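To start, the structure itself, in C-alpha cells.
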Amino acid sequence: MQTSTLSALRAIIGESRVLTSERDIALFRSDALTLFSCKPSAVLEPGSRKEVVACVQVLHAAGIPFTARGAGTGLSAGALVPEGGVLISLLRLNEILEFNEDARFAVVEPGVINAELSQMLADSGLYYAPDPSSQLECTLGGNLAENAGGPHCCLHGMTAQHILFAEVVLADGTVETWGSPTAAEDDFDLRGFLIGSEGSLAIALRIGVRLTPLPETAQTLLGAYPTMIEACATTADIVASGIQPVAMETMDQRTMQVVENSIYAAGLPVEAGAVLIVEVEGTPQQVEQEAAEVEAILNRHEPLRVEHARTVEHRAAIWAGRKGAGRAIRALSPDSYVMDGVVPRSRLVEIMKFVAEIESETGLEIANFFHAGDGNIHPHFCYDASDKELTVKVERAGIRILRKCLELGGSLSGEHGIGLEKEALLHEQFTPETLALMDRLRRVFNPKDLLNPGRGLPLGKGCAEAFHRHGGHSNA
Amino acid sequence: MPELISPNRVNELVDYLKAGAADKHSILPCGNQTRLTRHFPKATPEVLISTAKMASIHWIDAIDQTCEVDAGVSLHQLNEALRPHGLCLGVDSPHSKTGTLGGLFMSPDLTLLHGACGGTREQVLGATWVLADGTIIKTGGRVVKNVAGYDVTRLFLGSRGRLAICTTLSLRLRPLPRLTKWWTTSLKKSLAAPCVRMAFSPAADSRAWVQTAGLEQAPHSSFQLADPQEAEQIRLRTLEQFAGTPFRHAHLSAPTEWQDDAWELTGHQQCLQKPIDAEGQGIPHRMESRWLDELSAACCPTGLRFLKRPAL
C-alpha cells in the first residue's frame, strides 16, 4: 500500500488504529475456519460510522480491496482479503443507538455482540431471537452479512427475518438506507438482497433489528437414543406431527463426551449414541400439552430414556452445553473443520447414514451436533493441519458430504455461508446462467469488486491462489 | 387495452421471449390480473404475460413440509391439495381463489397469519424465473434453511415482475391448526399471545376480532365467541379491508398474564390507514429506486427488459 494512502487513513482514524505490524495483524489472518488464511496489508479500527465512510472513500479512490470484519467467528472464510487488501474491523462500533419498545425494534451499530443486545433488553421482556452458537462473541454486523442461524431459528427464522433495515455504505463510499422500521413487504427488497451477501454488496453501519417478546414459559425435552439414526427419524416424526418446536437439536455420543468433560458439562446422557433436544415454548397450558405430545413421539422410537428440563437453570445448562460443544471440541485438536450442509428434513436419516459411511471408510473422526429440526447438519472434523495428507483427506470427506446434500435436494450452506470454503462447489448447486446473473447483480453495487472481492461467488481463475490453504487444493 | 398472452408451458414463454418480444413490446408480467391496477396504476404495457395457465402442483413433501408449484396455482387450489396431508400454506389472502400464488408473492397483501408464520414472502424457499431475454434462472432451493449464493429470490419477489417472470415456487408449509376459533373483544382489550396464531384488529372498528388457532383456545373470559358464520364474514371483511393497503407489521403485544389491562395493540397500525388510491398514491417510493433500473439492466446484458416505459 502506498504511504500516501496509509497517511490518509491514519489522519482519519488515528495512528494507533491503523494496524500494520506483523504481530498486530497475526490475529486477523483467518476467521474461525482456519483452513484458509491470508495476511491483510493493514487492519483499520475505525471508531465511528463517519470514520468508516471516510476510510471506504480513501480505499475506493486508491483502488485497494477491503473487507469488513466483525468478531471473526465466521466459519466459511468470508471475512478475509487477498494480499494487498485491507480489513476494516467494526468491533469499536458497538453502541445500541435506539430502543423502541412499542414498535419492538432496536437500532444498533454493527459491532454490537449478539448476546449482549438481548442481555441489555432483558428487563423489557423483549429479546433478539436468532442465536448462533457463537452468540457470546459474534457481532450483529457479521450476523447480517452471513444471514446467521442458530438452534432457535427452527421456529423463529433466520437473521433475515429479524432485520428490518440497515444503513449501509457502498463500495464507493455512498451511504443509503435499505428497508424501513415498518418492514414493508410491498417494497423493493434491497434489504433482503443485502442480508447473507457475505459483505460483498455493502457494509452495514446501523442495523434495525426486530425484537421478539420473551416466551411466557418453555420446556426442553431430551430423548436419548442408541444411534444418531433413531434421533433423526424421531426428528422427522416430530416435524410431521404438526407440533412446531422452537428448537430441535441433536448431538452424538462423541460430542456429548467432550462436552461433559468440559466446563460446559450439562448432565447429558453420555451412555447414549445420540441425544435429541426438543424445546417448546408458549403459554403454560400450550407448553404442557405440546411437551406431552413431543414426549409421546420420543417414546415411540424406543429411547434409552427421556428427560424433561422444566426449570430455567436446567434448560440454561443444556443450551450452554449445546452451544459450547463447538468450543469444547475445538480445544481437543490443533485444527477443526465444522462443515455446514442442508437436506430436506425427510432425508435426514439418509444423510446421517452417509456421514457414518464416510467416517468408517476414511477412518476420520467426525463429531455431529446440529440443527436437526431444520435439516441443517454440521459434521465436525478434528485434525492437525501440519499433516498435509490428513488435511486433504478431511477436505475431500467434507466435499463428498456436501455433494450428497445436493443429491438429496439440499444446499451447500444453511447458515455459515459460502466464503472461500465452498466457492468452488457453487456451480454444482446453481446453473451457469444463475451464477452469471448473481455476478452481474453484485456488480451493480460493487462494480470494481473492491468490497470483499469475489466473495459469495466463485472467484475468477487464479484468485483462489491468493489465499493460502493449509492443506493444498481439494477439488478432487 | 394491452394484449394478453397466457403461455401453457414454460417453453412457450421462453420461446416467445427468445424471439425478442421484450424488444418489440413493453411487457408486464402478471398472474391473474387481480391486483394489477393497485401495483402499476400508471403503467401502460402493450402486452401482459400471464402465468395463470401454468397451474400444476409438482410435488408435496409432507414430512419436510415443503412443496413445489407452478406460479399460476391459486392459494385455494394449493390449500385444498394440502388438506389431506394436514398442511396449509402460512399465508392468507382475499384473492385466494381468484389470484395466483405468483401474484400473491410478487405483490403481497397483508397476511393474517403474520404473527404465526412470518411475512408472506418468508414462505418462499426458492423459485424458477424467466428473464426478459428468455433465460431460465433457478434461485434459492427447496430446503427450509439455505444461505448459498445471493438471495436473488427476495430481490426478484420485490420487483413486482419488473426483473423476472416467476414460473415455479418452492414453498414452506405449515401444519393445519387443530382448532380454530374466532373471538370478539373490545379493541382496547385485544389481542395476541403465543397461542393466538392469527390476530388482527381493523383499526376503523371499535371491536377487535381475534382468531386463535393451535392446540388450545385462548383462556380469556372477556372474549366472546363468534359463531362460525360471523367468523367467516369477519375474516373476509378483514382481508378485503387490507387488500388495498400498503401493509406494515402490526405488532401485537403478548400479555405476560391473562389480565384485561395486559392487552394492548402497539406498533404501526397507523400505516394501515393509508390505502393506495387510483393515482397510485401510497405506493412505497422504493419502487422508483434507481437501483431497480440498474438491476433491470444487469438482468439482461443485451438490454432487454420488462415494462420498458414504467410509469409508476
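A, B, ... follow the sequence lines: proteins, then strands. Residue 1 opens every chain. Keep in mind it's a predicted model, so treat the numbers as computed, not measured.
D151(B) CG to M158(A) CE: the interatomic distance, rounded to the nearest 0.5 Å, is 10.0 Å. In this structure, F188(A) CZ and L163(B) CG are separated by 5.0 Å, a value rounded to the nearest 0.5 Å. Separating the NZ atom in K138(B) from the CD atom in E433(A) is a distance of 12.5 Å, to the nearest 0.5 Å.
If you tally non-hydrogen atom pairs under 4.5 Å between each of P301(B), G141(B), A62(B) and chain A, the highest count goes to P301(B). Annotation: maximal heavy-atom pairing with chain B below 4.5 Å, among G196(A), P344(A), A240(A), occurs at P344(A). Chosen from G409(A), S76(A), A160(A), G375(A), the residue pairing most often with chain B at heavy-atom distances under 4.5 Å is G409(A). With chain B as the partner, the residue from H371(A), R347(A), E176(A) showing the most heavy-atom pairs under 4.5 Å is E176(A). Note: L201(A) leads D237(A), L412(A), L201(A) in heavy-atom pairs under 4.5 Å with chain B.
In this structure, the side chains of C299(B) and L441(A) come closer than 4.5 Å at one or more pairs of heavy atoms. Considering only heavy atoms from C-beta on, F193(A) stays 4.5 Å or farther from W291(B) through its side chain. When side chains are defined from C-beta on, V147(B) does not count as touching E198(A), because their heavy atoms never get closer than 4.5 Å. Proximity of Y150(B) to L437(A): side-chain heavy atoms (C-beta onward) are nowhere separated by under 4.5 Å.
Looking only at distances, a side-chain donor or acceptor of Q65(B) sits under 3.5 Å from a matching main-chain atom of V239(A). The backbone N or O of G192(A) sits nowhere less than 3.5 Å from a side-chain atom of R154(B) that would complete a donor-acceptor pair.
For a residue to count as touching a neighbouring chain, one of its non-hydrogen atoms must lie under 4.5 Å from one of that chain's; by this rule E146(A) touches chain B with the backbone only. In this structure, chain A has a heavy atom under 4.5 Å from the backbone of I136(B), while its side chain stays farther away. Using a 4.5 Å cut-off between heavy atoms, Q429(A) touches chain B through its side chain atoms alone. Contact of L348(A) with chain B is not made at all, since no heavy-atom distance falls under 4.5 Å. Heavy atoms closer than 4.5 Å to chain B are found in the backbone of H416(A), but not in its side chain. In this structure, the portions of N146(B) lying under 4.5 Å from any heavy atom of chain A include both its backbone and its side chain.
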Checklist line | Worked verdict on L155(B) versus L194(A) for side chain to side chain contact (heavy atoms under 4.5 Å, CB included) | finding: CA-CA 9 Å; L155(B) 189 74; L194(A) 170 75; over 6 Å; no

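Salt bridge status for E294(B) with R440(A): absent, with no side-chain N to carboxylate O gap under 4.0 Å.
Here the closest heavy-atom approach between residue G242(A) and residue P175(B) is recorded as O-CG, 3.1 Å. The two residues I418(A) and G149(B) come nearest to each other via the heavy atoms CG1-N, 3.8 Å. Of all heavy-atom pairs between V143(B) and G410(A), the closest is CG1-CA, 3.8 Å. Contact record, N376(A) with K145(B): OD1-NZ, 2.9 Å, taken as the closest heavy-atom pair.
For the pairing with M438(A), the side-chain contact (heavy atoms from CB on, under 4.5 Å) check across T139(B), I137(B), V152(B) returns one residue only, V152(B).
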